[in-house]
*Asks:* 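Have a look at the structure that comes next, please.
Start at 1 with the first residue, then count along the sequence.
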Amino acid sequence: MLNASRIPASIDATLSLLQSQGYVSDRALATVLFLALRMKRPLLLEGEAGTGKTEIAKVLAAGLGRRLIRLQCYEGLDLASAVYEWNYAGQMMAIRLAEAGGVAEDRERLEGDIFSEKYLVKRPLLQALEPQEGGAPILLIDELDRTDEAFEAFLLEVLADAQVTIPELGTVKAAEPPIVILTSNRTREIHDALKRRCLYHWVGYPDATRELAILKARVPDAPVKLSKQVVGFVQAIRKEELFKAPGVAETLDWATALVELDAVALDPAIVSDTLGALLKYQDDIQAMQGSKVKELLDQAKAEAGR
């Protein structure tokens with residue numbers, strides 16, 4: 001069972017745990033996270049890139065004092081990279097040594113030896129099923145939408161039963177199931193069969209009040225006036241037709257860059273010069289140059305002055 005003394009006992013305690021690690025959460029997220037921990041269900045977080053999905057797993061691991069095991073997904077991810085593979089070089093050496101020692105004819109014994117845990121290379125999913133000091137680990141399966149449906153199908157056994165099957169060894173089942181956080185940027189739809197095994201939450205862009213609180217927590221050196229103007233500008237720019245609207249991560253990067261430049265307030269020149277910290281596509285940067293920057297900046301200053 002999970003270490004109940006470390007699992008938050010209420011939604012408010014979950015909010016406090018996140019805030020203690022510098023993560024400013026809304027109550028809806030804290031509620032679903034609390035339920036995932038108490039019900040021991042995987043939690044699927046979907047949302048635009050840069051909205052803080054991955055960070056939730058990181059702060060949860062730090063707050064609970066658990067090991068974080070991260071599986072970064074990508075196109076073509078297979079079992080050898082995600083679950084396990086055999087140390088083929090070590091196995092070949094063992095076979096050569098057995099042949100040299102004249103015991104290679106005992107094939108059953110040799111096969112049992114080379115397909116033992118001694119030669120098993122454990123990848124993130126298998127590592128997460130092992131006992132961990134301090135309690136069950138946090139298993140972060142990041143950007144699941146980058147993989148294919150075949151990999152999703154394999155995950156069903158892991159999520160439903162906290163186990164994986166290795167043909168040469170049998171079934172490996174966790175004595176204490178990991179706390180599983182899955183993230184998706186929704187570049188494709190996740191299959192219903194996997195969603196049914198998870199609790200679900202959409203992580204959207206924060207409103208101005210929460211984004212300002214996040215900025216104050218993560219970039220405390222930023223002047224108050226600058227912080228308000230940065231948040232106002234980002235909130236305004238997200239309403240424009242962009243190829244990729246800036247996420248919270250970009251807000252923090254931009255604010256940090258402005259602090260490094262000793263800025264105390266925004267002006268058209270410094271905004272234009274630093275847009276590369278906020279926007280990541282040239283077409284978006286080009287669309288925001290000139291009079292558009294001044295227009296959005298006036299909106300941001302008006303909001304900040306309220």
Side-chain angles (χ1 to χ4, degrees), residues 8 11-37 41-64 66 68-74 137-146 179-187 190 195 198-222 227-228 230-239 242-259 277-280:
I11 297 169
D12 288 336
T14 305
L15 273 169
S16 296
L17 182 147
L18 294 173
Q19 290 170 357
S20 71
Q21 301 301 318
Y23 192 95
V24 181
S25 170
D26 58 21
R27 192 168 184 84
L29 172 59
T31 299
V32 74
L33 185 56
F34 168 73
L35 291 173
L37 292 171
R41 294 281 297 278
L43 175 59
L44 173 60
L45 301 172
E46 281 194 322
E48 298 291 339
T51 53
K53 302 182 297 298
T54 299
E55 193 68 15
I56 292 169
K58 293 180 179 179
V59 301
L60 185 61
L64 294 177
R66 308 294 180 91
L68 175 66
I69 298 175
R70 179 175 181 173
L71 174 63
Q72 179 62 54
C73 298
Y74 54 87
I138 309 297
L139 172 60
L140 169 61
I141 303 175
D142 211 11
E143 297 185 320
L144 178 61
D145 53 318
R146 292 180 178 271
I179 299 168
V180 183
I181 305 289
L182 305 99
T183 74
S184 167
N185 294 333
R186 209 176 183 184
T187 57
I190 304 300
K195 283 189 172 182
C198 304
L199 298 185
Y200 176 87
H201 185 74
W202 175 265
V203 183
Y205 296 119
D207 60 21
T209 301
R210 189 156 70 89
E211 191 158 24
L212 183 59
I214 294 168
L215 198 158
K216 287 179 178 178
R218 292 304 180 96
V219 192
D221 294 337
S227 296
K228 290 181 177 180
V230 163
V231 169
F233 188 88
V234 172
Q235 292 281 325
I237 207 171
R238 287 193 186 123
K239 298 175 184 176
L242 299 173
F243 184 78
K244 174 63 179 71
V248 178
E250 284 74 36
T251 302
L252 299 178
D253 282 347
W254 191 37
T256 301
L258 292 167
V259 169
L278 186 65
L279 302 174
K280 307 301 179 179

*Asks:* Kindly give the heavy-atom pair with the smallest separation between Ala57 and Leu140, and that separation in Å.
*Replies:* CB-CD1, 3.8 Å
*Asks:* Examine distances only and state if a side-chain atom of Arg218 and a backbone atom of Leu252 form a donor-acceptor pair shorter than 3.5 Å.
*Replies:* no
*Asks:* Considering non-hydrogen atoms only, spot the tightest contact between Thr256 and Val219 and give its length.
*Replies:* OG1-CG2, 3.7 Å
*Asks:* What is the minimum heavy-atom distance between Lys53 and Thr183, and which atoms define it?
*Replies:* CB-CG2, 3.9 Å
*Asks:* Taking atom CG of Leu15 and atom OG of Ser20, what is their separation to the nearest 0.5 Å?
*Replies:* 11.0 Å
*Asks:* Assess whether a salt bridge exists between Arg70 and Asp142, defined as any Lys/Arg side-chain N lying under 4.0 Å from an Asp/Glu carboxylate O.
*Replies:* yes
*Asks:* Side chains of Leu212 and Ser227: does their closest heavy-atom pair fall under 4.5 Å?
*Replies:* yes
*Asks:* May I have the step-by-step check of side-chain contact (heavy atoms from CB on, under 4.5 Å) for Arg186 and Glu48, ending in yes or no?
*Replies:* CA-CA 7 Å; Arg186 209 176 183 184; Glu48 298 291 339; over 6 Å; no
*Asks:* With side chains defined as the heavy atoms from C-beta onward, is the minimum distance between Val234 and Trp254 less than 4.5 Å?
*Replies:* yes
*Asks:* If only atom types and distance count, is the side chain of Thr31 paired as donor or acceptor with the main-chain N or O of Arg27 below 3.5 Å?
*Replies:* yes
*Asks:* How close do Leu182 and Cys198 get, counting heavy atoms only, and between which atoms?
*Replies:* CD1-SG, 3.8 Å
*Asks:* Pairing donors with acceptors under 3.5 angstrom, does anything connect the side chains of Tyr23 and Glu55?
*Replies:* no
*Asks:* Quick one: closest heavy-atom pair of Leu144 and Ile141, and the distance?
*Replies:* CD1-CG2, 4.3 Å
*Asks:* Using modelled atom types only, decide if a donor and an acceptor are shared between the side chain of Arg210 and the backbone of Ser25 within a distance under 3.5 Å.
*Replies:* no
*Asks:* Before you tell me yes or no, could you show the steps for Leu278 and Phe233 under side-chain contact (heavy atoms from CB on, under 4.5 Å), namely the whole-Å CA-CA distance, both residues' side-chain angles and the distance that decides it to 0.1 Å?
*Replies:* CA-CA 11 Å; Leu278 186 65; Phe233 188 88; 4.0 Å; yes
*Asks:* Hey, are the side chains of Pro206 and Ile214 touching, using non-hydrogen atoms and a 4.5 Å cut-off?
*Replies:* yes
*Asks:* Distance check, rounded to the nearest 0.5 Å: Tyr200 atom OH versus Lys195 atom NZ?
*Replies:* 5.0 Å
*Asks:* So, Asn185 and Glu143: side-chain donor and acceptor under 3.5 Å apart, yes or no?
*Replies:* yes
*Asks:* Do Leu60 and Leu37 have side chains that get closer than 4.5 Å, going by heavy atoms?
*Replies:* yes
*Asks:* Tell me whether Arg238 is salt-bridged to Glu211, with the criterion being a basic N under 4.0 Å from an acidic carboxylate O.
*Replies:* yes
*Asks:* Closest heavy-atom contact between Ala208 and Val231?
*Replies:* O-CG1, 3.6 Å
*Asks:* Side chains of Leu279 and Pro246: closer than 4.5 Å at any heavy-atom pair?
*Replies:* yes
*Asks:* So how far is it from Phe34 CZ to Leu29 CG, rounded to the nearest 0.5 Å?
*Replies:* 13.5 Å
*Asks:* Determine whether Val230 and Leu258 make a side-chain contact, defined as any pair of heavy atoms from C-beta on separated by less than 4.5 Å.
*Replies:* yes
*Asks:* So Val248 and Leu215, do their side chains get closer than 4.5 Å, heavy atoms only?
*Replies:* no
*Asks:* Do Pro137 and Arg66 touch side chain to side chain, with heavy atoms closer than 4.5 Å?
*Replies:* no
